Amino acid sequence: MKTIIQYLFLIVLLMNTANAQKLKQVVYKDGMQKLNGLVTENETNKLPGVLILPAWKGADNEAKQAALDLSKEGYIAFIADIYGEGNYPTNNAEAAKIAGKYKTDYSAYQKRIELALQQLIEAGADSNKIAVIGYCFGGTGALEAARAQLPVLGVVSIHGGLAKDTVRENLPLKTKILIEHPAEDESVKQEDISNLIIEMNAGNTDWQMITYANSKHTFTNPESPDYNKQMAIRAWQHTLLFLKELLK
């Protein structure tokens, strides 16, 4: 029995090592703040690119697996570092505090997204074929990328925060938007959804929202108690279909 367990542990270790080798660290800066992004391998220049905005604790396993899966689909993927070295949260309380800072200071959030976008292009992405996907806090960031009118063809907000300060002006959202929303997400109010729809319609945005039944907030994350495997698979297929329409 001990031998079997050791064997299984070795397999998992080798799989993790193999995955790690496919993601390369990229160091970049915002002023004096050091940022640590991750990019997939790229042996071909000018691939369609996907910028991944991770959840509120930073580059987690869900974001890393998404990057690797996108690489298999023929994309180059870059995982952004929003917080910067020395600022990574270690628990939910710390994550809520720093994520809240960037939700309030949306200009700083948009700038960090733009810097990551530049790194994706430098890594070999075709600047004319780029999309953004984000999870949770990163889903909020995907919408901020659209609001900042960054040069991307589309954004995907996956169980993202959908609220926006009502004092902010609704500017035209020129990029296509896909919102993947869990039906039982208690962190999103119905008025947030209504206001976002008003915002998107005001700019005649090409948008769609898919709502997943029996799903709580982090329904796509296998490490979360909210994980809904069936709906997570569907959401990923919807993401791939959207990206294929935009980038292929």
Side-chain angles (χ1 to χ4, degrees), residues 12-13 15-16 18-20 22-23 36-40 50-73 75 77-83 87-100 102-103 109 112-113 116 131-145 155-163 177-189 192-193 209-243:
V12 172
L13 181 63
M15 289 177 62
N16 288 338
N19 284 344
K22 295 179 182 178
L23 289 173
N36 299 298
L38 293 170
V39 68
T40 54
V50 181
L51 178 63
I52 300 175
L53 305 178
W56 67 351
K57 286 187 178 178
D60 57 12
N61 289 331
E62 182 173 27
K64 293 174 183 177
Q65 189 59 55
L68 295 172
D69 290 342
L70 287 169
S71 180
K72 294 175 185 176
E73 297 290 335
Y75 304 102
F78 186 90
I79 304 174
D81 180 3
I82 301 301
Y83 302 144
N87 300 310
Y88 306 128
T90 58
N91 55 53
N92 287 344
E94 291 178 359
K97 183 177 180 180
I98 192 167
Y102 283 95
K103 287 180 180 179
Y109 197 0
R112 291 282 167 91
I113 295 170
V132 177
I133 70 172
Y135 296 90
C136 189
F137 168 62
T140 303
L143 294 175
E144 288 300 340
V155 303
V156 185
S157 176
I158 305 170
H159 54 81
L162 305 182
I177 296 175
L178 169 60
I179 300 164
E180 298 179 357
H181 177 63
E184 299 175 14
D185 191 341
E186 296 180 353
S187 67
V188 176
K189 300 176 181 178
D192 298 335
I193 297 174
M209 177 182 288
I210 303 174
T211 302
Y212 300 88
N214 307 311
S215 298
K216 296 183 179 181
H217 179 51
T218 49
F219 77 105
T220 62
N221 190 341
E223 298 178 2
S224 168
D226 293 347
Y227 182 58
N228 183 325
K229 183 178 180 180
Q230 182 181 45
M231 294 300 178
I233 291 172
R234 290 180 185 176
W236 184 246
Q237 291 304 313
H238 293 149
T239 298
L240 292 180
L241 182 63
F242 184 72
L243 293 177

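Computed from a prediction, not measured in an experiment: that's the story for all the values here. All values below were derived from every heavy atom in this structure, side-chain atoms included, with hydrogens, water molecules and symmetry-related copies excluded.
Ring planes of Y102 and Y109: perpendicular class, angle over 60° (limits at 30 and 60°).
Residue A142 comes nearest to G134 through the heavy atom pair CB-N, 4.2 Å, listed as atom of the first residue, atom of the second, then distance. Of all the heavy atoms in A131 and L243, the pair that sits closest is CB-CD2, 3.6 Å. Of all heavy-atom pairs spanning E94 and T90, the tightest one is OE1-N, 2.8 Å. The two residues V50 and L70 come nearest to each other via the heavy atoms CG1-CD1, 3.7 Å. The minimum heavy-atom distance between M209 and I193, with the atom names listed, is CE-CG2, 3.9 Å. Annotation for L53 and A80: closest pair CD2-CB, 3.8 Å, computed over non-hydrogen atoms.
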D226/T220 under side-chain contact (heavy atoms from CB on, under 4.5 Å): CA gap, chis, key distance, verdict: CA-CA 8 Å; D226 293 347; T220 62; over 6 Å; no

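Separation of atoms CD1 (I82) and CG (N87) is listed at 12.0 Å; rounding is to 0.5 Å. The line from CD of Q65 to CD1 of I52 is 10.0 Å long, rounded to the nearest 0.5 Å. Atom OG1 in T211 sits 9.0 Å away from atom CD1 in I179 (nearest 0.5 Å). Summarising the geometry, atom CG belonging to L51 is positioned 7.5 Å from atom CD1 belonging to I113; distances are rounded to the nearest 0.5 Å. Atom NZ in K216 sits 6.5 Å away from atom CD in E186 (nearest 0.5 Å). From R234, atom CZ reaches atom CD1 of I210 across 11.0 Å, with rounding to the nearest 0.5 Å.
Looking at T239, its side chain does come within 3.5 Å of a backbone N or O of A235 through a donor-acceptor pair. With D81 contributing its side chain and N36 its backbone, the two residues share a donor-acceptor pair below 3.5 Å. Y83 places a side-chain N or O within donor-acceptor distance of the main-chain N or O of W56, the cut-off being under 3.5 Å. In this structure, the side chain of T140 engages the main chain of G161 through a donor-acceptor pair within 3.5 Å. S215 contributes a side-chain N or O that, together with a main-chain N or O of A213, makes up a donor-acceptor pair within less than 3.5 Å. In terms of modelled atom types and a separation under 3.5 Å, the side chain of D185 and the main chain of P182 share no donor-acceptor contact.
Taking 4.5 Å as the limit, some side-chain heavy atom of C136 sits within range of a side-chain heavy atom of H159. A heavy-atom distance below 4.5 Å is found between the side chains of K103 and F137. Contact annotation: the side chain of Y135 never approaches that of N221 to less than 4.5 Å [non-hydrogen atoms, C-beta and beyond]. By the 4.5 Å heavy-atom criterion applied to side chains, T40 and L23 are counted as neighbours.
Of the listed residues (W236, F219, Y227), just one forms a ring-ring contact (aromatic ring centres under 6.0 Å, His included) with Y212, and that residue is F219.
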